[in-house]
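Following: one structure in structure tokens, then a few remarks.
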Amino acid sequence: MPKRLLVTAALPYANGHIHIGHLVEYLMTDVWVRYQRLQGRQAAYICADDTHGTAIMMAARKAGVPESALLAEMSAAHQQDFADFGIRFDHYGSTDSATNKAFVYEIWAKLRAAGHIDQKTVTQLYDPTAGAFLADRFVKGICPKCGAPDQYGDSCDKCGATYEATDLKQPKSTLSGAVPELREAVHAFVKLEDFRTIIADWVGRDGALHPDMQKWVRNTFLIEGEPLRSWDVSRPAAYFGFEIPDLPGNYFYVWLDAPFGYIASTADWCAKTGDTWQHWWQGDGVEVHHFIGKDIAKFHTLFWPAMLRLAGHNLPEKIHIHGFLTVNGEKMSKSKGTFIRARTYLDHLDPRWLRYYYAAKFTDGAEDLDLSLDEFTAKVNADLIGKVVNLASRTAKFVPRLATTYPEDGGLFTRAATEGTAIAAAYDAGNTGEAMRRIMALADRANEFVEKAAPWALKKDPAKAADLEAACSVALNLFRQLCVYLAPVLPDFAEECGRLLGTPITRWSDAQSPLTGTAIAEFKPLMNRIDPLKVQAMVDASKAEAPGTPDPGPRTPDAVTDGPEALAAEPLAPIITFDDFAKVDLRVARVVNAEEVPKAKKILKLTLSLGGDQTRTVFAGIKTAYPDPKPLVGRLVVFVANLAPRQMSFGLSEGMVIAAGPGDQDIYLLAPDSGAKPGQRIR
RNA sequence: GGCACUGUAGCUCAGCGGUUAGAGCGGUGGCUUCAUAAGCCAUAGGUCCUCGGUUCAAGUCCGAGCAGUGCUACCA
């Protein structure tokens with residue numbers, strides 16, 4: 001007996017617009033849900049905006065509006081973007097709802113009652129200007145171990161030391177730039193170890209996770225002899241979220257309430273339809289399927305099964321985990337115009353093209369998926385236009401109706417009907433790419449048939465009218481099969497095919513028997529081919545949207561408009577005295593040797609000359625930006641000469657070189673103008 | 001360094017113990033001109049990363065190594 005399916009996609013954060021990376025997940029889920037429905041299964045597709053947390057709070061403050069205003073606007077934008085890509089949710093809710101609050105309060109009561117909560121006083125940095133405690137990522141300062149500046153509050157990016165944010169030297173809030181002060185606060189922790197067996201059993205359940213992800217969870221968290229780390233689920237005010245009932249002034253961490261948004265959104269939907277949420281989350285008749293990206297696997301594979309079990313709900317039947325999107329083989333890049341918002345795509349291109357291209361790339365694994373814009377153009381044009389649409393386009397207008405008995409076709413239709421089983425299995429498993437390959441193979445065979453039957457030749461000979469009708473009836477029925485198989489990906493192909501052949505496509509089994517005798521309506525173009533110029537226009541528009549990235553090319557100084565992002569990302573530090581500054585001895589130095597360090601991904605070993613026979617060795621974390629050390633040799637750099645030496649696993653580092661930029665590829669060494677001599681002091 | 005994944009035609013990938021290793025795109029040559037310059041046929045192109053092992057038989061299983069990717073560690 002078929003089970004009902006409750007399907008969710010991850011809840012997009014209300015702090016930004018949907019982009020083509022998000023769409024991987026919502027399209028993957030949409031295709032799967034549509035497939036299941038074609039098979040006659042009852043499926044609910046539930047989503048919502050994820051609304052809580054510090055980031056939303058700060059965005060609202062910056063905009064000078066209440067959070068609710070921000071949320072309403074973003075929810076509307078999200079839903080419009082999804083709708084325009086043909087992503088059809090049964091309900092799109094919000095985690096900032098009374099329903100969700102009730103679910104969160106309920107689980108909280110259960111956690112308390114069962115003794116799964118620990119409370120510990122945590123000394124944490126507090127931003128008096130913003131009036132908020134600072135999560136690790138909102139504090140920057142000097143690493144207590146190695147003295148590196150500009151480090152986040154949890155670990156040093158330079159020496160790798162991990163520490164508490166309170167250990168940072170000269171900390172400052174990235175929210176306001178204020179100097180944080182120490183304040184004590186009680187935090188609540190869920191003792192995750194209490195749920196170890198539940199989690200391990202669920203992870204081991206056949207089919208719950210892809211084997212690769214199963215290994216990941218086991219190797220990363222379920223390590224023998226190591227208890228699961230307790231999970232800090234509370235945040236002191238100010239925080240945008242639900243207040244904890246028995247800890248006034250404290251709020252639930254966003255990742256506690258966000259997943260309950262799946263259930264709350266279901267409940268809100270059920271309230272409209274007269275159904276009950278229990279009908280979808282409890283008992284034998286239903287399976288829960290979550291679609292998520294690999295970045296949030298931890299929350300869904302550890303915390304969530306534990307919470308669900310305690311709440312008395314079903315554990316997920318399967319968590320479908322996908323990888324990230326790359327564009328042209330690289331991470332999406334604002335400056336290259338490959339960070340493309342859903343809306344920007346829609347302004348230039350047909351959403352069905354992306355639906356098909358993504359579908360052709362989906363697998364059941366968590367590997368990244370590449371959108372090669374050239375391949376995108378070629379594949380959509382060749383497959384959808386050249387093979388599928390063309391099949392109808394070249395046969396539909398020759399005859400007024402389909403033959404009353406299905407003609408002999410050499411077994412083509414039957415073979416394609418049989419192939420439906422394999423295609424269905426591929427869809428079901430999430431191997432949509434395989435499904436697309438099989439469908440296109442069928443399209444190839446259908447076009448071969450048309451080629452041999454040559455209806456355009458038969459048309460010229462009135463004596464062959466019966467043959468003409470037969471040929472077209474076969475071709476159009478093969479086309480219809482393709483439309484059925486493609487229906488989860490391209491629902492409007494199926495719809496248009498229904499109109500063309502006078503019989504709607506409503507079920508997967510419509511591909512099992514040919515249509516006969518129906519009148520053929522006028523053929524209308526189903527889809528246009530992709531014009532590469534439009535793809536380029538979309539990329540150009542995305543580039544233009546990217547802040548602070550003027551087009552390369554000749555620039556005059558007054559034409560440069562530098563964006564505010566860099567400063568906003570890291571506000572100015574508190575005022576210091578000249579004496580403070582004078583303590584830092586900056587020197588011009590020449591790189592006399594630069595080499596890679598074995599076993600270090602980010603480190604280069606630099607030998608700096610201060611003139612004469614004075615040299616210093618520095619291990620600098622700049623390799624990501626300067627992968628080849630050779631060109632560095634000979635150039636002048638700015639060197640912090642009186643920084644305390646630091647023993648590192650590679651050797652002794654005697655200072656540091658100064659560079660700008662946030663990290664990774666964006667690191668820019670400073671250089672004095674020509675004429676400066678190694679050893680000269682910089683002041 | 002740790003854990004994992006990947007390495008097959010120019011590109012994207014399929015094949016995961018069994019005949020001469022496949023598809024699509026791209027290349028080349030031809031045919032067709034019904035169709036949104038679509039389609040069909042033919043053809044070139046491969047040490048299936050390397051080295052060992054198991055087996056009657058290995059891209060396909062095992063071991064080691066190399067390379068790439070992701071997470072993680074190192075990163076004054």
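Per chain, numbering begins at 1; letters A, B, ... match sequence-line order.
The existence of a salt bridge linking Glu495(A) and Arg499(A) is excluded, since no basic side-chain nitrogen approaches an acidic carboxylate oxygen closer than 4.0 Å. In summary, Glu226(A) and Arg196(A) do not engage in a salt bridge, as defined by a charged side-chain N under 4.0 Å from a carboxylate O. Using a cut-off of 4.0 Å between Lys/Arg side-chain N and Asp/Glu carboxylate O, Lys361(A) and Glu375(A) are scored as salt-bridged.
For the pair Ala360(A) and Lys379(A), the tightest heavy-atom approach, listed with the atom from each and the gap, is CB-CE, 3.5 Å.
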Criterion salt bridge (charged side-chain N to carboxylate O under 4.0 Å, His left out) on Arg415(A) and Glu419(A), from CA distance to verdict | CA-CA 6 Å; Arg415(A) 278 204 300 277; Glu419(A) 181 71 359; over 6 Å; no
Under the side chain to side chain contact (heavy atoms under 4.5 Å, CB included) rule, what do Asp409(A) and Asn477(A) come out as? Steps first, then yes or no, please.
-> CA-CA 11 Å; Asp409(A) 67 359; Asn477(A) 266 298; over 6 Å; no
Evaluate the ring-ring contact (aromatic ring centres under 6.0 Å, His included) criterion for residues Phe339(A) and His19(A): first the C-alpha distance (whole Å), next the side-chain angles of each, then the deciding distance (0.1 Å), finally the verdict.
-> CA-CA 7 Å; Phe339(A) 190 99; His19(A) 55 67; 4.9 Å; yes
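Ring pair Trp255(A)/His300(A) is perpendicular by interplanar angle, where above 60° counts as perpendicular and below 30° as parallel. Aromatic ring pairs are classed by plane angle as parallel below 30°, tilted from 30° to 60° and perpendicular above 60°; the pair Phe376(A) and Tyr357(A) is perpendicular.
The C1' atoms of G22(B) and G59(B) are separated by 12 Å, rounded to the nearest whole Å. G24(B) and C62(B): their P atoms are spaced 31 Å apart (whole Å). One P atom belongs to C11(B), the other to U20(B), and the distance between them is 27 Å to the nearest Å. Between C3(B) and A42(B), the two C1' atoms lie 50 Å apart (nearest whole Å). Nucleotides G68(B) and C49(B) place their C1' atoms 11 Å apart, quoted to the nearest Å. Look at the P atom in both U6(B) and G17(B): the space between them is 15 Å, to the nearest Å. Nucleotides A14(B) and G46(B) are separated by 15 Å at their C1' atoms, to the nearest Å. Going from the C1' atom of G18(B) to that of U60(B) covers 11 Å, rounded to whole Å.
Donor-acceptor pairing under 3.5 Å is recorded for the side chains of His290(A) and Trp304(A).
Base-pair partner of A35(B): not found among the strands shown (Watson-Crick or G-U wobble, both distances under 3.5 Å). The pairing partner recorded for U55(B) is none, the criterion being a Watson-Crick or G-U wobble arrangement whose two distances lie under 3.5 angstrom. Shown here, U50(B) forms a base pair with A64(B); the pair counts as Watson-Crick or G-U wobble because both key distances fall under 3.5 Å. In this structure, G29(B) forms a base pair with C41(B), meeting either the Watson-Crick or the G-U wobble geometry with both donor-acceptor distances under 3.5 Å. Across all strands shown, A14(B) has no partner, as no Watson-Crick or G-U wobble contact with both distances under 3.5 Å is found. Across all strands shown, the partner of A4(B) is U69(B), judged by Watson-Crick or G-U wobble contacts whose two distances both fall under 3.5 Å. Applying the Watson-Crick and G-U wobble criteria (two distances, each under 3.5 Å), A9(B) pairs with nothing in any strand.
Residue Lys215(A) has a polar side-chain atom (N or O) positioned under 4.0 Å from OP1 or OP2 of C5(B).
Contact check of residues 584-593 of chain A against RNA chain B (heavy atom, cut-off under 4.0 Å) returns no residues at all.
Using a 90° window around 0 for the glycosidic torsion, G59(B) falls inside it and is classed as syn.
Asp295(A) places its CG atom 11 Å from the P atom of U72(B), with the value rounded to the nearest Å. A straight line from CH2 of Trp216(A) to C1' of U6(B) spans 19 Å, rounded to a whole angstrom. In this structure, Leu373(A) places its CG atom 14 Å from C1' of U12(B), rounding to the nearest Å. Computed from coordinates, the Asn431(A) CG to C13(B) P distance equals 14 Å when rounded to whole Å. In this structure, the CG atom of Asp212(A) is 6 Å from the C1' atom of C5(B), given to the nearest Å. The CG atom of Asn328(A) sits 12 Å away from the P atom of U12(B) (whole-angstrom rounding). In this structure, CD of Gln214(A) is placed 15 Å from C1' of C3(B), rounded to the nearest angstrom. In this structure, CZ of Phe221(A) is placed 13 Å from C1' of A4(B), rounded to the nearest angstrom.
Distances from the side chain of Glu367(A) to the nucleotides C3(B), C5(B), C41(B) place C5(B) closest. Here the nucleotide nearest the side chain of Leu526(A), chosen from C5(B), C40(B), U36(B), is U36(B).
RNA chain B is contacted by both Glu375(A) and Thr617(A); Glu375(A) maps to the nucleotide lying nearer its 5′ end (nearest heavy atom per residue).
In this structure, Arg437(A) reaches the sugar-phosphate backbone alone: every heavy-atom distance under 4.0 Å involves primed, P, OP1 or OP2 atoms, never a base.
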How would nucleotides 25-35 of chain B be written as a contact map, 5' to 3', with B for base contact, S for sugar-phosphate-only contact and - for no contact, using protein heavy atoms under 4.0 Å?
-> S--------BB
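The only member of Asp585(A), Val618(A), Ile658(A), Val657(A) that meets side chain to side chain contact (heavy atoms under 4.5 Å, CB included) when paired with Val640(A) is Ile658(A).
Ser473(A) places a side-chain N or O within 3.5 Å of a backbone atom of Glu469(A) that can act as its donor or acceptor partner.
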